[in-house]
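Reading through the structure tokens given below for one structure.
We use all heavy atoms of the structure for the numbers below, so side chains are in, but hydrogens, waters and symmetry mates are not.
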Amino acid sequence: MVAVDGPAGSGKSSVSRAAAKALGFDYQDTGAAYRAFALHAVQQNVDLDDPAAVVKTLPTFAYEIGIDPDDHYVRVDGVDVTDEIRTPRVTASVAHVAKLPEVRHYLVDLFRGIIAGTSKPGIVTEGRDITTVVAPNAQVRILLTASEEARMARRSAEITGQSAEETARQLSKRDQQDSKVVDFMTAAEGVTTLDSTNLDFDQTVQAVVELVRSIATAPVAEG
């Protein structure tokens with residue numbers, strides 16, 4: 001399996017999905033689950049500032065994700081929410097639920113179950129604490145990063161109807177919030193850092209694919 005971490009705007013979702021397709025692997029976007037759960041909590045009229053109330057909704061969270069990179073979808077209670085979880089309302093709610101240890105533990109178990117259930121030769125799983133918490137024993141562990149300027153430019157290109165200043169503010173705020181929960185800016189031991197600041201999208205995907213293939217074919221040391 002391939003574990004990919006990285007900050008907001010590093011391109012880890014689109015790069016991981018394209019790399020999975022090139023490798024013939026499945027693809028899991030763990031951030032989608034946090035977004036989907038935030039949407040679920042909002043739809044249940046839960047006070048997001050009440051941790052106990054948020055945690056209480058976990059057992060009713062019926063989550064499905066399409067892990068085929070050519071058929072990606074997210075469903076909650078059988079309803080397709082692939083687009084809805086990317087709305088500003090959900091984005092503003094994610095930090096409230098993602099910081100709760102009970103939520104993180106619950107979703108980590110869910111992620112591991114999905115990883116174990118893949119029928120393909122491998123799966124690329126990306127998010128915030130994949131290389132250290134979700135899959136610390138993954139055969140390939142990557143920290144995909146880029147300069148703050150590059151990440152802001154990429155995120156601005158993805159979002160329409162929003163100023164560059166607002167995009168930069170949101171990206172910086174999200175990094176600050178998430179850094180209180182997990183360290184996604186420093187590569188843990190055994191994790192390869194891939195800096196995509198000076199690489200375009202295709203070059204970044206190719207770098208990931210080549211890294212995976214080189215590690216997969218490397219001889220195992222004896223002794």
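In terms of heavy atoms, T197 sits closest to S147 at OG1-N, 2.8 Å. For A36 against V76, the heavy-atom pair with the smallest separation is CB-CG2, 3.8 Å. Nearest heavy atoms, G11 versus L144: C-CD2, 4.0 Å. Between D195 and A146, the shortest heavy-atom contact is OD1-CA, 3.7 Å. Closest heavy-atom contact between G127 and K12: O-CE, 3.2 Å. Residues V94 and Y34 come closest through the heavy atom pair CG1-CB, 4.2 Å.
Panel note: side chain R104, backbone A98; a donor-acceptor pair is recorded below 3.5 Å. Checked by atom type and distance alone, the side chain of S196 pairs as donor or acceptor with a backbone atom of T145 at under 3.5 Å. A donor-acceptor pair under 3.5 Å is absent between the side-chain atoms of D129 and the main chain of T132, judged by distance alone.
Rounded to the nearest 0.5 Å, atoms CD1 (I215) and CD1 (I142) are 7.0 Å apart. K120 NZ to L23 CG: the interatomic distance, rounded to the nearest 0.5 Å, is 11.0 Å. With rounding to the nearest 0.5 Å, the separation of OG1 in T82 from CD in E84 is 10.0 Å. To the nearest 0.5 Å, the span separating CG on L48 from CG on L100 amounts to 9.5 Å. Between the CZ atom of R141 and the CE atom of M1 there is a distance of 10.5 Å, given to the nearest 0.5 Å. We find the CG-OG1 distance between D5 and T125 to be 10.5 Å, quoted to the nearest 0.5 Å.
Side-chain contact between Y27 and S13: present, with at least one pair of heavy atoms (C-beta onward) separated by less than 4.5 Å. No side-chain heavy atom of V74 sits under 4.5 Å from any side-chain heavy atom of D29. For the pair R89/L39, a side-chain contact is recorded, criterion being any heavy-atom separation below 4.5 Å from C-beta on. Inter-residue side-chain proximity for D49 and H96 is flagged as met; some heavy-atom pair is nearer than 4.5 Å.
Every side chain to side chain donor-acceptor pair (under 3.5 Å) that T118 has, sequence neighbours left out, goes to D26.
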For this session: Begin from the C-alpha positions of T91 and R35 and carry the test side chain to side chain donor-acceptor pair (under 3.5 Å) through to its verdict.
Result: CA-CA 7 Å; T91 298; R35 287 177 170 273; 3.0 Å; yes

For this session: Could you walk me through whether I115 and V134 pass side chain to side chain contact (heavy atoms under 4.5 Å, CB included), step by step?
Result: CA-CA 10 Å; I115 291 169; V134 177; 4.1 Å; yes

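A salt bridge does not link E126 to R17: none of the charged nitrogens lies less than 4.0 Å from a carboxylate oxygen.
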Output side-chain donor-acceptor pairs under 3.5 Å for residues 56-65, partner residues at least two apart or in another chain, one line each.
{"residue": "T57", "atom": "OG1", "partner": "V54", "partner atom": "O", "Å": "2.6"}
{"residue": "T60", "atom": "OG1", "partner": "H40", "partner atom": "NE2", "Å": "2.9"}
{"residue": "T60", "atom": "OG1", "partner": "T57", "partner atom": "O", "Å": "2.8"}
{"residue": "Y63", "atom": "OH", "partner": "A33", "partner atom": "N", "Å": "3.4"}

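Among pairs with a residue in residues 68-79, those fulfilling side chain to side chain donor-acceptor pair (under 3.5 Å) read K21-D70, at least two apart in sequence or across chains.
Partner of V15 under the side chain to side chain contact (heavy atoms under 4.5 Å, CB included) criterion, out of V124, L194, T204: T204 alone.
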